[in-house]
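Sequential numbering from 1 along the given sequence is applied to the chain's residues.
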Amino acid sequence: MMKGIASMSMQERFQHLFAVISGRRFLDKQGLGNEVPFFICAFKPEELVEMERLQRQLINRLEQAGIRILEINLYDLSIDILKERGIWDQMLEMEESVSKEQLKELLQGVLDPETHLVPAIAAKMVSTDFEVLFLSGVGEVFPYIRSHNVLNNLQSTAKEKPTVMFFPGAYTHSLESGASLDLFGKMRDDKYYRAFNIFHCEA
């Protein structure tokens with residue numbers, strides 16, 4: 001019987017993640033039915049630094065095992081998009097003079113997942129030889145980018161290879177409310193049904 005994530009040490013989580021992601025079942029997308037190969041790696045927000053370290057170690061270990069990882073940090077990608085569009089400095093200047101709500105609306109427009117963010121992710125996928133996509137930086141881009149919007153818009157783009165989203169919060173399932181991504185364990189990001197909890201996957 002698998003242990004719950006709350007009772008798993010970081011070392012146990014590392015071992016589980018490595019065993020799952022390096023397995024042929026995971027890499028070949030076996031046993032998913034018709035679902036997209038999206039996996040949520042949830043963790044407590046206060047574990048962010050430890051999880052970032054775990055993620056780096058995991059990438060190194062997987063690549064040593066011959067498994068190529070494409071890592072995309074949504075925060076870094078957002079800055080790259082703003083700089084490429086020539087509005088990064090403008091945004092920095094505006095931050096002091098406009099309300100948080102106005103700034104959020106502006107960023108939601110220029111970093112819209114469908115028109116800007118996912119095409120930028122797709123471009124990286126096309127130009128990189130990889131087997132698994134890692135998405136991180138989810139907490140840093142909230143509230144102007146919502147994780148369920150990223151996943152919804154990625155469904156047609158990233159369906160060929162497994163995607164693991166490192167999520168600071170909880171991916172919960174209940175009969176009453178269905179499945180939802182609860183950012184920071186408090187804010188219900190939105191209902192999202194089509195991902196698997198990676199800690200529930202057999203190695």
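Taking CG of L27 as the reference point, atom NZ of K161 lies at 10.5 Å (rounded to 0.5 Å). A distance of 5.0 Å separates CD of Q55 from CD of E71, quoted to the nearest 0.5 Å. With rounding to the nearest 0.5 Å, the separation of CD1 in I87 from CG in L111 is 7.5 Å. Interatomic distance, CG of L103 versus CE of M91, reported as 6.5 Å (0.5 Å rounding). Residue L54 holds its CG atom at 6.5 Å from CE of M10, rounded to the nearest 0.5 Å. Rounding to the nearest 0.5 Å places CG of L58 at 10.0 Å from CD of E63.
Side-chain atoms of V118 and E114, non-hydrogen and from C-beta on, never get closer than 4.5 Å to each other. Put simply, the side chain of W88 reaches to within 4.5 Å of the side chain of L92, judged on heavy atoms. Using a 4.5 Å heavy-atom cutoff, the side chains of L62 and V132 are not in contact. Looking at L107 and V141, their side chains never come closer than 4.5 Å, going by heavy atoms from C-beta outward.
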#### Entry: side-chain contact (heavy atoms from CB on, under 4.5 Å) assessment of V164 paired with I198
CA-CA 8 Å; V164 179; I198 199 163; 4.1 Å; yes

### Query
Can you check side-chain contact (heavy atoms from CB on, under 4.5 Å) on L154 and F38, steps first, answer last?
CA-CA 10 Å; L154 261 181; F38 287 177; 3.8 Å; yes

#### Entry: Steps toward side-chain contact (heavy atoms from CB on, under 4.5 Å) verdict (C201, F26)
CA-CA 9 Å; C201 296; F26 180 90; 5.7 Å; no

### Query
Hey, mind stepping through F199 and L17 against side-chain contact (heavy atoms from CB on, under 4.5 Å) and telling me if it holds?
CA-CA 8 Å; F199 290 108; L17 290 168; 4.2 Å; yes

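A158 and P37 get closest at one heavy-atom pair: O-CG, 4.2 Å. Nearest approach of A42 to G169, heavy atoms of both residues: CB-O, 3.4 Å. When every heavy atom of I67 is checked against every heavy atom of E131, the shortest pair comes out as CA-OE1, 3.3 Å. Nearest heavy-atom pair, S9 versus E12, reported as atom, atom and distance to 0.1 Å: N-OE1, 2.9 Å. For the residue pair P119 and P113, the shortest heavy atom distance occurs at CD-O, 3.6 Å. Closest non-hydrogen pair, F130 versus I69, comes out as CB-C, 4.3 Å.
Remark: the backbone N or O of E160 is paired with a side-chain donor or acceptor of K29 at under 3.5 angstrom. Between the side chain of N73 and the backbone N or O of Y75 there is at least one donor-acceptor pair closer than 3.5 Å. Side-chain atoms of R61 do not come within 3.5 Å of backbone N or O of F18 as any donor-acceptor pair. Listed for the E47 side chain is a donor-acceptor partner under 3.5 Å among the backbone atoms of K44. When atom types are taken as modelled, the side chain of S97 and the backbone of M94 share a donor-acceptor pair closer than 3.5 angstrom.
Among pairs with a residue in residues 99-111, those fulfilling side chain to side chain donor-acceptor pair (under 3.5 Å) read S99-Q102, at least two apart in sequence or across chains.
Residues F166 and F134 place their aromatic rings such that the two centres sit under 6.0 Å apart.
The only member of I81, I72, D112 that meets side chain to side chain contact (heavy atoms under 4.5 Å, CB included) when paired with L117 is I81. None of M51, M165, H16 except one satisfies the side chain to side chain contact (heavy atoms under 4.5 Å, CB included) rule with C41; the exception is M51.
The pair R13-E50 fails the salt-bridge criterion, with no side-chain N (NZ, NE, NH1 or NH2) lying under 4.0 Å from an Asp/Glu carboxylate O.
Under the rule for a side chain to side chain contact (heavy atoms under 4.5 Å, CB included), the partners of E52 that lie at least two apart in sequence or sit in another chain are L48, R56, E140.
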